[in-house]
Structures are given as structure tokens and as C-alpha cells.
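Numbers for residues simply follow the sequence, beginning at 1.
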Amino acid sequence: QEEAVLALGQNVIVSASAGAGKTSVLIQRLMKRILQDGLSVKEICALTFTEAAAGDMKIKLLESLNERLLEDPSSKEILEREISLVETAAITTIHSFCLSVIQDYGYILNIDPARADNILDPALAEIYKQKALNQTLQDFSREKPEDMMTLLNHLLLNPGYLEPLKDSILKTAGYLNSKPHLENTLTEIIALYTVDDFNLLPHEIKEAFFNHYKLNLQILKDNLDHYIDESVFIFESEGKPELLSPYNKLQDNVYQLLKMIENKDITFYQNLIPYLDIKLKSAPKAKHLANDMKALTQSINACIKDALPLDEIFETIKDQKELIDLILELSLLYLENYDALKESQSAFDFDDFEKYGLRILEAQDGVTAKIMQKRYKEIMVDEFQDTNDYQDSIIKLISTGDNIFRVGDVKQSIYQFRGAKPELMMNYLKASDIHKIPFLVNYRSSHNIVHYNNDLYTELMSYPEGFH
């Protein structure tokens with residue numbers, strides 16, 4: 001905790017589990033930056049993800065400043081000044097921060113100032129979305145009837161029921177809208193449907209592929225080890241120890257496949273079926289192990305049932321490209337129509353805050369971002385595990401490159417349905433140019449709860465350090 005309070009001169013990321021004292025450290029760091037390092041609270045930007053958390057941080061900072069005022073009257077002038085600045089300080093949610101950027105600098109993008117004061121409530125935003133979606137389908141059907149028929153034939157069982165198509169458009173548009181640099185995202189998506197080499201796939205997809213088979217093979221290994229342990233005595237007592245040989249061979253093959261996956265060796269995939277296609281015989285007197293044999297068989301089938309040759313998989317993916325191109329085209333048209341509707345009503349919705357905030361910060365060679373960089377000497381981000389691509393880009397833009405203090409806990413990420421990417425925090429925890437501080441002591445939970453979580457999340461997240 002002390003290390004987190006004192007660390008300076010480098011970006012810092014703190015991995016802090018619930019009960020590890022994160023909130024206290026944030027307040028102590030704020031106090032240290034103000035009283036020892038000579039910063040004013042107006043030179044600190046502290047971002048979190050709920051209004052309640054931002055309000056709580058302001059209250060705790062005020063309490064600490066007032067306590068120090070009673071203890072140290074000699075610092076009265078500085079303390080009273082900082083106390084007066086807390087209420088208007090940039091201790092806020094990232095959405096509120098972005099809204100202030102739009103209000104103060106929206107003129108850079110010729111944004112109507114009235115839009116920042118007219119925020120659509122969710123119900124009205126949904127009405128506009130449906131209106132934009134219906135307009136999109138009407139326009140596309142009129143202008144490109146053959147392409148529309150292609151989509152209808154592939155996506156709909158009932159031509160009169162358009163919900164599957166509408167759902168595809170809305171989900172795709174939501175994904176595109178969550179990406180700060182749309183052109184790059186579109187290029188990456190289209191490239192996915194033309195690739196014919198596993199090694200050219202994005203890192204995330206390759207990792208998901210390896211992890212899928214690693215999990216299934218680990219389940220197979222556990223079931224196989226258990227069956228061997230339970231049946232070895234039976235085979236030997238029947239004088240048929242040779243019947244164990246296929247099990248031992250399978251055990252060795254599973255080990256080899258897991259080793260290849262660990263080394264990110266894609267040749268495991270072409271070996272998968274040959275390595276697992278071994279005939280197993282159960283002992284005649286092992287009826288009590290029938291359920292164990294069933295579990296073993298099911299785990300083998302789970303590994304091989306979808307194992308098509310890679311070239312067939314890539315051909316199947318390429319066959320989808322025409323449909324993907326059409327869905328992307330419709331989704332972009334929908335986003336244009338929705339934006340036009342909001343602009344006609346001089347309004348923003350909630351998602352616009354980050355989108356336009358980032359555009360303003362990037363506009364005119366980052367002139368607004370440079371203003372922020374001079375204004376804020378410290379950038380603090382709480383609940384960083386729920387940051388999305390937009391927010392991460394904004395945080396980096398307003399920093400000087402060495403003054404970001406991030407705090408979070410990947411296990412507590414709850415906003416992935418709104419685009420949060422806990423893998424952003426995971427990647428920063430692996431980066432070599434960031435000062436990493438894990439809080440390894442839990443001050444809140446019982447011994448049993450702490451150790452249960454250590455066991456669980458070591459498996460789930462490959463997190464080597466445990467808590468105490």
C-alpha cells in the first residue's frame with residue numbers, strides 16, 4: 001500500500017482485490033500528492049465508473065483534508081484552499097468528464113452547444129434507434145433488393161419475421177460503435193474472412209482456440225487419471241494388466257497435446273484425432289465404474305466432435321464474407337441514420353459522450369488533449385477493469401505518458417455487456433514499462449473464503465500470485 005501511495009515518475013497499475021484497502025490507498029495518495037508533492041486538487045483528474053463512487057471519493061478526501069486541518073493549523077491556508085476546490089475538482093465519472101470536454105471544446109467539431117444539454121433518456125433513445133433501424137431496412141430494400149434477398153434467405157426462416165436480421169444489425173452496430181477507430185476495426189473484421197493461415201489470425205482468436213482445446217483436454221486428463229486410479233487394481237486382479245496399456249497410451253498422448261498447446265504449437269490440432277482415437281476396453285468386473293467410463297468417453301468426444309480440418313474451417317469462414325459485408329454495410333447505414341436523427345433533435349445519447357469526447361481530443365493535432373496534459377499532473381483511474389477501448393484511449397490522450405495511476409481487479413469486471421474489456425488491465429499487468437503493484441493481503445474476508453478464491457482464480461485466470 002505504501003509503495004502505491006509513493007510511486008511516481010512512471011505509469012502505475014495496482015491489482016487490488018476486494019478487501020485489500022484500495023479506497024484508503026486512493027485517498028492517501030491524493031493527500032500525499034496535495035500535501036507533499038505540492039499539487040492542487042484541480043491538477044488531479046480522478047476517474048471512476050459510478051456517480052456514487054465519485055461522490056464517495058470527494059467525501060473521503062474532504063474528511064481527510066479537514067482532519068489534517070485540525071491536526072496541522074500551520075498549513076491552514078493550503079488546506080482551506082484545497083477544501084474549497086474539491087467540489088469542482090475533476091473527481092468524476094469518465095462519462096461526466098467527457099461531457100465537460102464536449103461542453104467546453106465542442107466548438108472544435110462545430111457541435112451544437114444545445115446537444116450537450118439535451119441527453120436522451122433510454123426510453124426515447126430506444127424509440128429513435130427503432131426508427132433509424134426501420135428507415136435503414138426500407139432504404140436498403142429499395143436501393144439494393146437483391147442484396148436484401150440474399151440476407152433474408154440466409155438469416156430468416158420466416159420472411160415476414162425480421163427480428164433475426166434486426167438483431168444482427170443492432171449487435172454489429174453496437175460492436176462497431178464501441179470501437180474508437182472505426183476504419184481500423186472494419187479492416188480487421190474483413191481480414192478475418194479472407195485469412196487462410198492460422199498464424200495470421202488475431203492474437204485473441206488464436207488464444208481462444210488454444211484455450212478451448214486446453215480446457216477440454218484438461219477435463220479429459222482429469223477423467224482419464226481418475227479412471228486409471230480406480231481401475232488399475234481391478235485389471236491387475238483379473239490378470240489382465242495389458243488392458244491398461246491403451247489407457248496409459250492415451251494418457252501420454254493427452255500430455256503431449258497439452259504440451260503442444262502450452263507451446264502454442266498449432267500442429268496439436270492435426271494430431272488431435274489420431275492421438276485420441278484409441279480403443280478402450282473396460283474391465284468386466286468394473287460395473288461400478290460405468291459412470292466414470294461414460295464421463296471419460298464424453299470428454300474424448302468433446303475434444304474431437306468439432307475438429308474439422310483447418311482448410312475446411314477457413315473455407316467455411318470465407319463463404320460467410322458476402323453476408324458479413326452486407327451486415328456491415330447495413331450496420332453502418334443504421335449508425336448514420338441514428339446519428340442523423342439525434343442531430344436533427346439537437347441531442348446526444350449516453351454512448352455519445354465518449355465518442356465525441358475522444359474525437360475532440362484527437363481533433364486538430366490533439367490541441368485539446370495538450371491542454372489537458374498541461375492541466376492534469378496526475379491521472380487516477382479507479383475500477384480500471386471495467387474500462388473500454390474509448391476510455392483507455394481518452395485516458396492515454398490526456399496523460400503525459402508517465403502519470404497514470406490505474407487501480408482495478410479483473411475478477412470484479414461486471415460491465416462487459418457495455419463494452420468493458422478486462423483484458424486491457426490484463427495486458428497492462430504484463431507490460432514491461434509499467435510499475436505493477438499487487439495488493440496481496442485481504443483484510444476483510446475469512447481464511448476459508450480467501451483460500452477458496454485463490455484456488456478458483458488460479459485455475460480460471462492463470463494468476464500466479466495469491467492473496468493472504
Side-chain angles (χ1 to χ4, degrees), residues 1-101 103-104 371-384 386-387 391 394-395 398-400 402-409 412 435 437 439 441 443-444:
Q1 291 177 338
E2 183 179 25
E3 183 183 357
V5 171
L6 299 176
L8 286 177
Q10 187 180 13
N11 289 335
V12 176
I13 186 160
V14 176
S15 179
S17 175
K22 173 196 71 173
T23 303
S24 298
V25 165
L26 286 170
I27 299 304
Q28 288 302 314
R29 183 174 174 88
L30 282 168
M31 291 290 290
K32 186 258 182 184
R33 296 294 277 143
I34 293 167
L35 298 178
Q36 294 183 29
D37 300 335
L39 297 189
S40 171
V41 69
K42 67 183 181 182
E43 295 178 299
I44 298 170
C45 179
L47 303 173
T48 187
F49 285 82
T50 67
E51 296 288 354
D56 186 57
M57 191 180 294
K58 283 185 176 181
I59 289 171
K60 284 184 165 63
L61 178 59
L62 281 171
E63 289 174 349
S64 296
L65 288 168
N66 279 300
E67 286 176 10
R68 184 61 64 90
L69 181 60
L70 293 174
E71 297 168 0
D72 184 16
S74 64
S75 301
K76 179 179 179 181
E77 183 178 347
I78 294 173
L79 288 164
E80 287 185 341
R81 182 193 69 209
E82 295 305 313
I83 288 169
S84 71
L85 292 172
V86 169
E87 185 56 37
T88 57
I91 301 174
T92 183
T93 67
I94 195 161
H95 283 92
S96 294
F97 174 80
C98 290
L99 181 58
S100 70
V101 170
Q103 291 169 331
D104 295 341
I371 293 172
M372 301 290 173
Q373 290 165 14
K374 290 180 180 178
R375 179 181 302 170
Y376 299 121
K377 305 297 189 294
E378 169 103 353
I379 313 294
M380 300 177 72
V381 189
D382 192 14
E383 307 293 356
F384 185 73
D386 283 318
T387 301
Q391 295 160 354
I394 288 166
I395 291 163
I398 65 174
S399 82
T400 56
D402 60 358
N403 64 338
I404 306 175
F405 183 85
R406 301 174 173 95
V407 184
D409 178 16
Q412 295 187 64
H435 186 174
I437 306 174
F439 282 9
V441 179
Y443 297 98
R444 181 186 302 168

Worksheet item: So, for Arg444 and Ala18, which heavy atoms are closest and what is the spacing to 0.1 Å?
Response: NH1-CB, 3.8 Å
Worksheet entry | For Asp72 against Leu79, the heavy-atom pair lying closest together | O-CD1, 4.1 Å
Less than 3.5 Å apart, which donor and acceptor atoms pair up between the side chains of residues 46-53 and the rest of the protein, not counting sequence neighbours?
{"unit_1": "Thr50", "atom_1": "OG1", "unit_2": "Ala53", "atom_2": "N", "d": "3.0"}
{"unit_1": "Glu51", "atom_1": "OE2", "unit_2": "Ser96", "atom_2": "OG", "d": "3.0"}

Worksheet item: What are the two closest non-hydrogen atoms of Leu62 and Ile83, and how far apart are they?
Response: CD2-O, 3.7 Å
Discussion item. Run the ring pair (Phe, Tyr, Trp, His ring centres under 6.0 Å) test against Phe384 and tell me which residues pass, sequence neighbours left out.
Written reply: Tyr428
Worksheet entry | Contact list for residues 76-89, test side-chain hydrogen bond (donor to acceptor under 3.5 Å, both in side chains), sequence neighbours left out | Ser40-Glu82
Worksheet item: Which heavy-atom pair separates Ala4 from Phe405 by the least distance, and what is that distance?
Response: O-CE1, 3.3 Å
Worksheet item: Under the ring pair (Phe, Tyr, Trp, His ring centres under 6.0 Å) rule, what pairs show up with a residue in residues 51-76, not counting sequence neighbours?
Response: none
Worksheet entry | NZ (Lys377) with more than 12 external heavy atoms under 6.0 Å | yes
Worksheet item: Considering all heavy atoms of both residues, which atom of Thr400 and which atom of Asp402 are nearest to each other, and what is their separation?
Response: OG1-OD1, 2.9 Å
Worksheet entry | Straight-line distance of Ile78 CD1 to Leu69 CG, nearest 0.5 Å | 11.5 Å
Worksheet item: Would you call Val407 and Val381 a side-chain contact if the rule is heavy atoms closer than 4.5 Å?
Response: no
Worksheet item: What distance do Ile34 atom CD1 and Ser75 atom OG have between them, rounded to the nearest 0.5 Å?
Response: 12.5 Å
Fill in: salt bridge (Lys or Arg N to Asp or Glu O under 4.0 Å) pairs, two or more places apart, involving residues 12-22
Lys22-Asp382, Lys22-Glu383
Worksheet, complete the sentence: By ring pair (Phe, Tyr, Trp, His ring centres under 6.0 Å), His435 pairs with (sequence neighbours left out) none
Worksheet item: Would a 4.5 Å heavy-atom cut-off, applied to side chains only, mark Met31 and Leu61 as touching?
Response: yes
Fill in: Exercise: identify the closest heavy-atom pair between Ser17 and Asp409
CA-OD2, 3.4 Å
Discussion item. If the threshold is 4.0 Å, N to carboxylate O, is there a salt bridge linking Arg33 and Glu43?
Written reply: no
